[in-house]
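Below you'll find the structure, written out as structure tokens, and then a few comments.
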Amino acid sequence: MTILNVRDVSKCYRLGRVPVPAVRNVSFSIADASFSVLTGPSGSGKTSLLNLIGCLDRPDSGSIEIAGTDVGKLAEKALTTFRRQHLGFVFQNFNLLAALTVAENIAYPLQLAKQDAAARKERVAFLLDAVGLNGKDGRRPHELSGGERQRVAIARALAARPRLVLADEPTASLDRATGAQIVALMRRLQREHGVSFLFASHDTSLIAGADTVINLRDGALQARAAGIEQLVEA
Ligand SMILES: Nc1ncnc2c1ncn2[C@@H]1O[C@H](COP(=O)(O)OP(=O)(O)OP(=O)(O)O)[C@@H](O)[C@H]1O
């Protein structure tokens, strides 16, 4: 089964009157419960494509289907609800809320989903254990190391039990050893929870461990540019 189907998606930004094509006729799909990497040189369109898949931006043309729903057909309010229910996000710079504790950061998506306090507490305890942060629930982000902050972000991304987690350069702010630990953690969580991860990354340890590698050049799938519409298996 596929969790994500991207069909002929294009996105062109405008700088004044100058068009900047960022994503060009990209088509690919990824399997349910898989670990996939979007890679390519700087400026090749990785973040633009992740933003489209994450429903943070809309394509100029083409369609994106997530868990069987064509997200282009959803109006703004329905799209926000869909994003909260089905997608999790992990960012390069963690994007934690500085004023909240670790536990409150992890619980945040559950609060948005209006889960009651007891359910939130139980889920947070489970996730703290899953990401190896037992006993650190009362700390604030500035009292944690970079690797620990990314663990909090991963727990938060998984809190509402999404089907697909999107991660933009999740190891780029970490040293090599910490980055490798974070990759191993995400791999384990992907296997244990049957969730799919899609990363934008240059990190060779991430690329080497991926089920699927999607290669972009100048906004287009590299394999497709060569006339072969296929996924490049790692
Ligand atoms: N908001 C924007 N307005 C205009 N052009 C943009 C905008 N965002 C991105 N671009 C351009 O779109 C192209 C793709 O950028 P994108 O950030 O998606 O690439 P990337 O592969 O994620 O790069 P990096 O690895 O450096 O993060 C680039 O030419 C970039 O300059």
Side-chain angles (χ1 to χ4, degrees), residues 4-30 34-66 71-72 76 79-80 83 87-96 146-147 149-150 153-154 157 164-176 178-180 182-183 186 196-226 228-234:
L4 172 68
N5 231 315
V6 174
R7 284 284 155 253
D8 222 12
V9 163
S10 295
K11 177 77 189 178
C12 185
Y13 300 108
R14 291 200 175 268
L15 287 176
R17 292 182 158 205
V18 182
V20 184
V23 179
R24 299 190 293 168
N25 302 104
V26 168
S27 297
F28 68 90
S29 52
I30 63 169
S34 63
F35 204 70
S36 306
V37 181
L38 208 50
T39 191
S42 180
S44 59
K46 302 181 296 295
T47 298
S48 302
L49 189 51
L50 268 198
N51 286 344
L52 297 172
I53 296 167
C55 309
L56 301 168
D57 197 4
R58 293 191 188 253
D60 297 330
S61 58
S63 67
I64 296 171
E65 210 177 277
I66 300 168
V71 295
E76 280 314 308
L79 195 63
T80 302
R83 194 190 303 127
L87 298 174
F89 296 89
V90 176
F91 302 93
Q92 175 178 343
N93 293 317
F94 324 124
N95 288 19
L96 299 174
R149 284 181 213 181
Q150 199 58 306
I154 291 166
L164 176 63
V165 174
L166 303 171
D168 199 353
E169 307 270 7
T171 57
S173 299
L174 306 172
D175 64 66
R176 221 179 156 70
T178 309
I182 291 293
V183 172
M186 290 189 289
S196 298
F197 277 84
L198 175 63
F199 307 93
S201 185
H202 302 280
D203 184 336
T204 46
S205 69
L206 243 174
I207 295 166
D211 297 320
T212 306
V213 179
I214 298 144
N215 223 323
L216 285 177
R217 282 290 137 92
D218 297 328
L221 265 197
Q222 202 185 20
R224 191 182 163 87
I228 315 156
E229 187 179 344
Q230 63 176 41
L231 299 180
V232 183
E233 294 294 334

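Just follow the structure's listing: the first ligand is 1, and inside any ligand the first atom is 1.
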Under 3.5 Å, is there a donor-acceptor pair between the side chain of Arg149 and the main chain of Phe94?
-> no

Would you check if there is a donor-acceptor pair between the side chains of Asn93 and Ser173 at a distance under 3.5 Å?
-> yes

What atoms of ligand 1 come within less than 4.0 Å of a heavy atom belonging to Lys46?
-> 18 (O), 19 (O), 20 (P), 21 (O), 22 (O), 23 (O), 24 (P), 25 (O)

For ligand 1, which atoms sit closer than 4.0 Å to a heavy atom of His202?
-> 25 (O)

Quick note on ligand 1: atoms under 4.0 Å from a heavy atom of Ser48 include exactly 14 (C), 15 (O), 16 (P), 18 (O)

Ligand 1 and Gly45, any nitrogen or oxygen pair closer than 3.5 angstrom?
-> yes

Okay, side chain of Asp211, backbone of Phe35: is any donor-acceptor separation there less than 3.5 Å?
-> yes

Please confirm whether Ala22 comes within less than 3.5 Å of ligand 1 when only nitrogen or oxygen atoms on both sides are compared.
-> no

Note: Val90 and Ala157 closest approach over all heavy atoms is CG2-CB, 3.7 Å

Backbone, side chain, both or neither: what part of Val23 comes under 4.0 angstrom of ligand 1, heavy atoms only?
-> neither

Under 4.0 Å to a heavy atom of Pro41 - the qualifying atoms of ligand 1, by number | 21 (O)

Pair Leu4-Ser196, side-chain contact (heavy atoms from CB on, under 4.5 Å): steps then yes or no | CA-CA 9 Å; Leu4 172 68; Ser196 298; over 6 Å; no

4.0 Å protein heavy-atom contact status of atom 16 (P) of ligand 1, strictly under = yes

When every non-hydrogen atom of Leu216 is compared with those of Ser44, the smallest separation belongs to O-CB, 3.6 Å

Arg14 to ligand 1: N or O pair under 3.5 Å?
-> no

